[in-house]
A.B. asks: 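I am attaching a structure below and will ask some questions about it afterwards.
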Amino acid sequence: MRRLLVTGGAGFIGSNFVRMVLSEHTDCFIVNLDKLTYAGNLENLTGFENNPNHKFIKGDICNGALIEKIIDENKIDAIINFAAESHVDRSITEPKVFIETNVIGTLTLLEAARDKKLERFVQISTDEVYGALGPKGKFTEQTPPSPNSPYSASKAAADHLVKAFGHTWGVKYNICRSSNNYGPYQFPEKLIPLMINNALNNKELPIYGDGLYVRDWLYVYDNCTAVWKVLTEAPPGEIYNIGGCNEKANLEVVKLILERLEKPNALIKHVTDRPGHDRRYAIDASKITSQLNWKPSVSFEEGIKKTIDWYLQNQKWLANVVSGDYQKYYESMYANR
Ligand code: NAD
Ligand code: DAU
């Protein structure tokens with residue numbers, strides 16, 4: 001039986017990953033360590049909260065003693081590190097916690113992986129470490145890191161630490177750099193769920209700048225299958241780009257959401273741009289496709305329909321998430337924009 005420590009498993013991608021592993025790979029035991037920040041939500045564990053192969057622990061990845069105790073008590077053989085501060089806009093207003101969790105937290109996990117001689121350390125990174133693209137070209141694993149936001153700088157710093165621990169102490173690692181994920185359980189600060197929530201409530205849809213910024217959208221389930229393949233099949237020391245081959249401008253995505261929800265385009269409002277906004281991301285995923293035989297299974301048209309349907313069917317989840325602190329966040333981010 002594989003015995004995994006998954007961090008950030010109460011967040012968006014982490015909870016989708018834990019759900020997928022527990023349902024498709026029954027020979028796995030997962031300790032799910034999550035600090036339950038604003039983005040962590042026990043309601044994201046729906047469907048597997050009582051699974052005997054899953055144990056949830058509330059805690060911080062910066063707590064080295066806790067990590068060592070979890071590894072020893074649960075005979076952990078690999079860590080998959082999803083835990084992070086993940087929102088670019090928040091990193092522009094409050095960068096410090098991004099360094100604490102994304103850099104110090106990853107360092108703490110690496111020290112434990114090294115000292116406990118774990119079989120594998122999988123770092124969940126991002127395509128944003130590469131910086132921004134012009135109208136042409138794609139990020140490959142050889143593209144030099146050139147991060148532009150405090151968020152992506154903290155993720156790039158973590159990637160460098162992971163590689164350094166591999167080089168210096170032989171920690172067996174992999175790094176996954178995926179493009180923008182979307183799907184069930186995504187916190188409505190990110191583009192797609194924020195726009196769905198606003199449209200459902202007939203609120204304005206705030207498009208930054210001209211709305212022609214391009215992202216490469218990846219359905220979250222497909223990212224989870226890619227991470228699983230990396231964990232179970234990749235040689236150590238390899239980095240993999242994971243992308244959906246679905247480049248779309250933000251305006252196009254938002255108009256599609258409005259169309260599906262039968263709401264008017266008049267809800268769209270162009271607002272002040274994000275400082276330092278990266279113009280375009282696009283992933284060359286040929287390495288993971290050729291080496292690990294992975295490819296995305298969900299087209300954007302299918303994925304966005306599944307996603308909108310999920311939010312329509314889970315309005316209680318959405319209502320709980322947007323109550324309380326979310327209102328303050330929304331006010332501070334968008335009121336005078
Ligand atoms: P998220 O914000 O939804 O979830 C992050 C989770 O980490 C939350 O449950 C939070 O409580 C937890 N967490 C935060 N700080 C912690 C700490 N100090 N100790 C323990 N737990 C902590 O993020 P997400 O969108 O699911 O992203 C997961 C990972 O994937 C991140 O590393 C992110 O950088 C990366 N990533 C995300 C995307 C995307 O489109 N969402 C794309 C590429 C890479
Ligand atoms: O590329 C991978 C990254 O994708 C991940 O590493 C990050 O964790 C994740 O948050 C995401 O970063 P982005 O900044 O691309 O995602 P976000 O959903 O915040 O924004 C997507 C695009 O939509 C971006 O061009 C900014 C724009 N946008 C976003 C919001 C929230 C708007 O126009 N209006 C908005 O209100």
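All ligand and atom numbering here is 1-based and tracks the order in the structure.
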A.B. asks: Please state which option from Ser154, Ala39, Ala84, Gly8 has its nearest heavy atom closest to atom 5 (C) of ligand 1.
C.D. replies: Ala84

A.B. asks: Counting heavy atoms only, which part of Leu36 comes closer than 4.0 Å to ligand 1: side chain, backbone, both or neither?
C.D. replies: backbone

A.B. asks: Using heavy atoms and a threshold below 4.0 Å, how should the contact between Ser179 and ligand 1 be classified: side chain, backbone, both, or neither?
C.D. replies: backbone

A.B. asks: Determine, considering heavy atoms only, which of Arg274, Met195, Met333 sits nearest to atom 19 (O) of ligand 2.
C.D. replies: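 Among Arg274, Met195, Met333, the closest heavy atom to atom 19 (O) of ligand 2 comes from Arg274.
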
A.B. asks: To check your reading of the model: name the closest protein heavy atom to atom 13 (P) of ligand 2, its residue, and the distance in Å.
C.D. replies: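 Looking at atom 13 (P) of ligand 2, the protein heavy atom closest to it is Glu128 OE2, 3.4 Å.
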
A.B. asks: For ligand 2, find out whether one of its N or O atoms is nearer than 3.5 Å to an N or O atom of Leu194.
C.D. replies: no

A.B. asks: Any idea which part of Phe98 is under 4.0 Å from ligand 1, heavy-atom wise: side chain, backbone, both or neither?
C.D. replies: neither

A.B. asks: Does an N or O anywhere in Asn250 fall below 3.5 Å from an N or O of ligand 2?
C.D. replies: yes

A.B. asks: Check whether any N or O atom of Thr101, backbone or side chain, sits under 3.5 Å from an N or O atom of ligand 1, and answer yes or no.
C.D. replies: yes

A.B. asks: For atom 36 (N) of ligand 1, tell me which residue out of Ser86, Ala10, Ser125 has the closest non-hydrogen atom.
C.D. replies: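 Among Ser86, Ala10, Ser125, the closest heavy atom to atom 36 (N) of ligand 1 belongs to Ser125.
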
A.B. asks: I'd like to know whether the aromatic ring centres of Trp294 and Trp228 sit less than 6.0 Å apart in this structure.
C.D. replies: no

A.B. asks: Nearest to atom 35 (C) of ligand 1 by heavy atom, Val88, Asn44, Asp60, Ile124: which?
C.D. replies: Ile124

A.B. asks: Using heavy-atom distances, let me know which of Leu191, Ile61, Thr7, Thr37 sits nearest atom 13 (N) of ligand 1.
C.D. replies: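 It is Thr37 that holds the nearest heavy atom.
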
A.B. asks: So is there a nitrogen or oxygen of Ile13 less than 3.5 Å from a nitrogen or oxygen in ligand 1?
C.D. replies: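 The answer is yes, given that Ile13 and ligand 1 share an N or O pair closer than 3.5 Å.
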
A.B. asks: Please list, in number order, the atoms of ligand 1 under 4.0 Å from a heavy atom of Gly59.
C.D. replies: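 Contacts of ligand 1 toward Gly59, numbered from 1: 19 (N), 20 (C).
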
A.B. asks: Using a 4.0 Å cut-off to any heavy atom of Lys155, which atoms of ligand 1 qualify?
C.D. replies: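 Near Lys155, the atoms of ligand 1 are 31 (C), 32 (O), 33 (C), 34 (O).
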
A.B. asks: Can an N or O of Tyr213 be found at a distance shorter than 3.5 Å from an N or O of ligand 2?
C.D. replies: no

